[in-house]
Visitor: 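First the structure, which I've put down as structure tokens, then a few questions once you've had a look.
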Amino acid sequence: MTAPADRTVAGPGIDPAVPHSARVYDYWLGGKDNFAADRAVGEAMMQAIPGMRYMAGENRRFVHRVARDLVSREGIGQFLDIGTGIPTRPNLHEIAQGFDRTARVVYVDNDPLVLVHARALMISTPEGRSEYISADVRDPRSILGDRVLRDTLDLSRPVGLTLIAILMLLGDADDPWASVAVLRDAMPSGSLLAITHPTADFSPDEVSAAVAAATGAGMTLVARAQDEVARFFGDWEMLEPGLVPVSSWRPDEEVADPKAAYYWAGVARKP
């Protein structure tokens, strides 16, 4: 079987020989914005976890449910999405603006390829706004101080802060809990924090093999236990149903085995 040809253009700051998490994720979702190195890592991780494509899809469906519920049930009209990844329609702002055409979203990522696609795909409704910041979650103060964020979001009103499958890319030495705490502290009362994070709690051997494949390719990938993921929420109040397998968070239809997708997911409100 012939490998697919690379159609993605390697622009400034993009090394097609070095796999990147956003492009690996794009490959799992069936996208075309990836290179041979990304596909090789993606396939190796799928050898370790045969259900990896399903897991990526469940994680994406969680984003759709969160955007829907935060707007329609919680009255959130603005979002800060950190670790955006390559845009996959419908994007968060498209879901949110489907319920509130005035909704505003600021996307944040540090992959140059994401920036290229963000400019092309993240088109807002006339009544709302969608913007992109090139920044790193490890430097949360640079995100919070960015002029684009300050011009787009009103930090005196509740914000939907989303960290979807991004904290796994930070090792413990990076102290991701401190970075998230800085973000939480900057959010006003009533804000909501949504997180998904891969875990080895449901299948230690498979996840260990997948982590080994990723780290062997030079990527950082950390699977965390439920209590470690819970720490990211600080003292915020968990919304029902709590910190649960990603497929169990307010599903549109019940799945046969919620633990078939190896992610913890939850949403919490700032008092």
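What you see below is based on every heavy atom in this structure, not just the backbone, and it leaves out hydrogens, waters and symmetry mates.
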Visitor: Give the C-alpha distance, both sets of side-chain angles, the deciding distance and a yes or no for ring pair (Phe, Tyr, Trp, His ring centres under 6.0 Å) between Tyr107 and His93.
Guide: CA-CA 9 Å; Tyr107 293 99; His93 76 279; 5.7 Å; yes
Visitor: Can any side-chain N or O of Gln78 pair as donor or acceptor with the backbone N or O of Leu153 at less than 3.5 Å?
Guide: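 It does not hold such a pair.
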Visitor: Is the shortest side-chain heavy-atom distance between Tyr25 and Asn59 below 4.5 Å?
Guide: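 Yes, side chains in contact.
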Visitor: Does anything in residues 192-221 pair up under salt bridge (charged side-chain N to carboxylate O under 4.0 Å, His left out), and if so which pairs, sequence neighbours excluded?
Guide: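 Output for this query is empty, none listed.
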Visitor: Test side chain to side chain donor-acceptor pair (under 3.5 Å) on Glu127 and Thr102 and set out the steps.
Guide: CA-CA 5 Å; Glu127 301 91 339; Thr102 69; over 6 Å; no
Visitor: Using the rule that Ile, Leu, Val, Met, Phe, Trp and Tyr join whenever any side-chain heavy atoms are under 4.5 Å apart, tell me whether Val211 and Val222 fall into a single cluster.
Guide: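 No, Val211 and Val222 fall in different hydrophobic clusters.
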Visitor: Is there a donor-acceptor contact under 3.5 Å from the side chain of Thr215 to the main chain of Ala212?
Guide: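 Present.
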Visitor: With rounding to the nearest 0.5 angstrom, report the CG to CG distance, Leu144 to Asp139.
Guide: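 Interatomic distance, Leu144 CG to Asp139 CG, rounded to 0.5 Å: 9.5 Å.
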Visitor: Which residues pass the salt bridge (Lys or Arg N to Asp or Glu O under 4.0 Å) test with Asp136, not counting sequence neighbours?
Guide: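 With neighbours one apart ignored, the set is Arg138.
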Visitor: What are the two closest heavy atoms between His64 and Pro90, and how far apart are they?
Guide: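 Residues His64 and Pro90, closest heavy atoms: NE2-O, 3.3 Å.
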Visitor: Quick check: do Val229 and Leu243 have side-chain heavy atoms less than 4.5 Å from each other?
Guide: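 Heavy-atom side-chain distance check passes, below 4.5 Å.
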Visitor: List the atom of Phe202, the atom of Pro245, and the distance in Å for their closest heavy-atom pair.
Guide: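 Closest approach of Phe202 to Pro245: CZ-CG, 3.8 Å.
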Visitor: Taking Asn34 for the side chain and Arg39 for the main chain, is one N or O donor matched with an acceptor at less than 3.5 Å?
Guide: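 Flag not set: sc Asn34 to bb Arg39 has no pair under 3.5 Å.
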Visitor: Okay, side chain of Glu94, backbone of Asn91: is any donor-acceptor separation there less than 3.5 Å?
Guide: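 Judged by distance alone, yes, a pair lies under 3.5 Å.
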Visitor: I'd like to know if Arg250 and Glu240 make a salt bridge, using a cut-off of under 4.0 Å between side-chain N and carboxylate O.
Guide: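 Judged by the 4.0 Å cut-off on N to carboxylate O distance, Arg250 and Glu240 do not form a salt bridge.
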Visitor: Is any side-chain heavy atom of Ser21 less than 4.5 Å from a side-chain heavy atom of Val24?
Guide: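 No, too far: nothing below the 4.5 Å cut-off.
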Visitor: Side chains of residues 159-171: which donor-acceptor pairs under 3.5 Å do they make with residues two or more places apart or in other chains?
Guide:
from   : atom 1 : to    : atom 2 : distance (Å)
Thr162 : OG1    : Asp81 : OD1    : 2.5

Visitor: Which distance, rounded to the nearest 0.5 Å, do you find between the CZ of Arg129 and the OG of Ser124?
Guide: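 Taking CZ in Arg129 and OG in Ser124, the distance rounds to 9.0 Å.
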Visitor: Verify whether one side chain among Glu131 and Thr152 offers a donor that lies under 3.5 Å from an acceptor in the other.
Guide: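 Side-chain D/A pair, Glu131 to Thr152: absent.
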Visitor: Do Val63 and Thr196 have side chains that get closer than 4.5 Å, going by heavy atoms?
Guide: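 When only atoms from C-beta onward are counted, Thr196 and Val63 do not touch, as no gap falls below 4.5 Å.
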Visitor: Begin with the C-alpha distance, continue with both residues' side-chain angles, and end with the deciding distance and a verdict on side-chain contact (heavy atoms from CB on, under 4.5 Å) for Ser247 and Tyr54.
Guide: CA-CA 11 Å; Ser247 301; Tyr54 168 77; 3.9 Å; yes
Visitor: Quick one: side chain to side chain contact (heavy atoms under 4.5 Å, CB included) partners of Met46, sequence neighbours excluded?
Guide: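 Checked Met46 against side chain to side chain contact (heavy atoms under 4.5 Å, CB included); matches are Tyr27, Trp28, Glu43, Met52, Arg53.
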Visitor: Flag the pair Tyr262 / Ile49 as yes when at least one side-chain heavy-atom distance between them is below 4.5 Å, and no otherwise.
Guide: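 Tyr262 vs Ile49: side chains touch.
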Visitor: Shortest non-hydrogen contact from Leu80 to Leu149?
Guide: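 In terms of heavy atoms, the two residues are closest at CD1-CD1, 3.7 Å.
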Visitor: Show the numbers, then the answer: is there a side-chain contact (heavy atoms from CB on, under 4.5 Å) between Val267 and Leu70?
Guide: CA-CA 9 Å; Val267 180; Leu70 265 58; 4.2 Å; yes
Visitor: Dump the intermediate steps for side-chain contact (heavy atoms from CB on, under 4.5 Å) on Phe79 and Arg104, then the final yes or no.
Guide: CA-CA 6 Å; Phe79 290 82; Arg104 295 183 165 221; over 6 Å; no
Visitor: Report yes or no: does Gln97 contribute a side-chain atom to a donor-acceptor pair with the main-chain N or O of Thr125 at less than 3.5 Å?
Guide: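 Confirmed, Gln97 side chain pairs with Thr125 backbone.
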Visitor: Under a 4.5 Å cut-off applied to non-hydrogen side-chain atoms, are Glu237 and Lys270 in contact?
Guide: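 Answer no - side chains too far apart.
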Visitor: Is there side-chain contact between Val108 and Tyr132, with heavy atoms separated by less than 4.5 Å?
Guide: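 They are not in contact (no side-chain heavy atoms under 4.5 Å apart), so the answer is no.
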Visitor: Please step through salt bridge (Lys or Arg N to Asp or Glu O under 4.0 Å) for the pair Asp252 and Arg65, ending with a clear verdict.
Guide: CA-CA 8 Å; Asp252 296 322; Arg65 299 195 302 273; 5.3 Å; no
Visitor: For the CG atom of Leu29 and the CG atom of Asp26, what is their distance to the nearest 0.5 Å?
Guide: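 One gets 7.0 Å once the value is rounded to the nearest 0.5 Å.
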Visitor: Working to the nearest 0.5 Å, report the span between CZ of Arg73 and CG of Leu239.
Guide: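 The CZ atom of Arg73 sits 8.5 Å away from the CG atom of Leu239.
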Visitor: Counting only N and O atoms by type, is there a donor-acceptor contact under 3.5 Å from the side chain of Asp257 to the main-chain atoms of Lys259?
Guide: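 Checking the backbone N and O of Lys259 against the side chain of Asp257, a donor-acceptor pair under 3.5 Å is found.
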Visitor: Which residue, Trp249, Tyr263, Trp264, forms the ring pair (Phe, Tyr, Trp, His ring centres under 6.0 Å) with Phe62?
Guide: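 So the option named by the test is Trp249.
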Visitor: Looking only at non-hydrogen atoms, find the nearest pair between Pro251 and Ser248 and report the distance.
Guide: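 Shortest heavy-atom contact: CD-O, 3.5 Å.
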Visitor: So how far is it from Asp69 CG to Leu192 CG, rounded to the nearest 0.5 Å?
Guide: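 With rounding to 0.5 Å, CG (Asp69) is 10.5 Å from CG (Leu192).
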Visitor: Just distance, no hydrogens or angles: give the donor-acceptor pairs under 3.5 Å from side chains in residues 177-189, sequence neighbours left out.
Guide:
from   : atom 1 : to     : atom 2 : distance (Å)
Trp177 : NE1    : Glu228 : O      : 3.0
Arg184 : NH1    : Phe232 : O      : 2.6
Ser189 : OG     : Pro271 : O      : 2.9

Visitor: Within a reach of under 6.0 Å around CD of Gln226, are more than 12 heavy atoms found that belong to other residues, nucleotides or ligands?
Guide: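 Yes, because the 6.0 Å sphere around CD of Gln226 holds more than 12 heavy atoms from other groups.
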Visitor: Kindly give the heavy-atom pair with the smallest separation between Pro158 and Ile76, and that separation in Å.
Guide: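 In terms of heavy atoms, the two residues are closest at CB-CD1, 3.7 Å.
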Visitor: Is there a side-chain contact between Val41 and Met219 (heavy atoms, below 4.5 Å)?
Guide: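 Side-chain contact under 4.5 Å: yes.
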Visitor: Keeping the roles fixed (side chain from Asp38, backbone from Arg23), state whether a donor-acceptor pair exists under 3.5 Å.
Guide: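 No, because the side chain of Asp38 does not come within donor-acceptor range (under 3.5 Å) of the backbone of Arg23.
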Visitor: Test: salt bridge (charged side-chain N to carboxylate O under 4.0 Å, His left out). Region: residues 145-173. Which pairs qualify, not counting sequence neighbours?
Guide: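 Every pair satisfying salt bridge (charged side-chain N to carboxylate O under 4.0 Å, His left out) with a residue in residues 145-173: Arg147-Asp151, Asp154-Arg157, Asp172-Arg224.
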Visitor: Of all heavy-atom pairs between Ile86 and Ala22, which one has the smallest distance, and what is that distance?
Guide: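 Looking at all heavy atoms of both residues, the closest pair is CD1-O, 3.9 Å.
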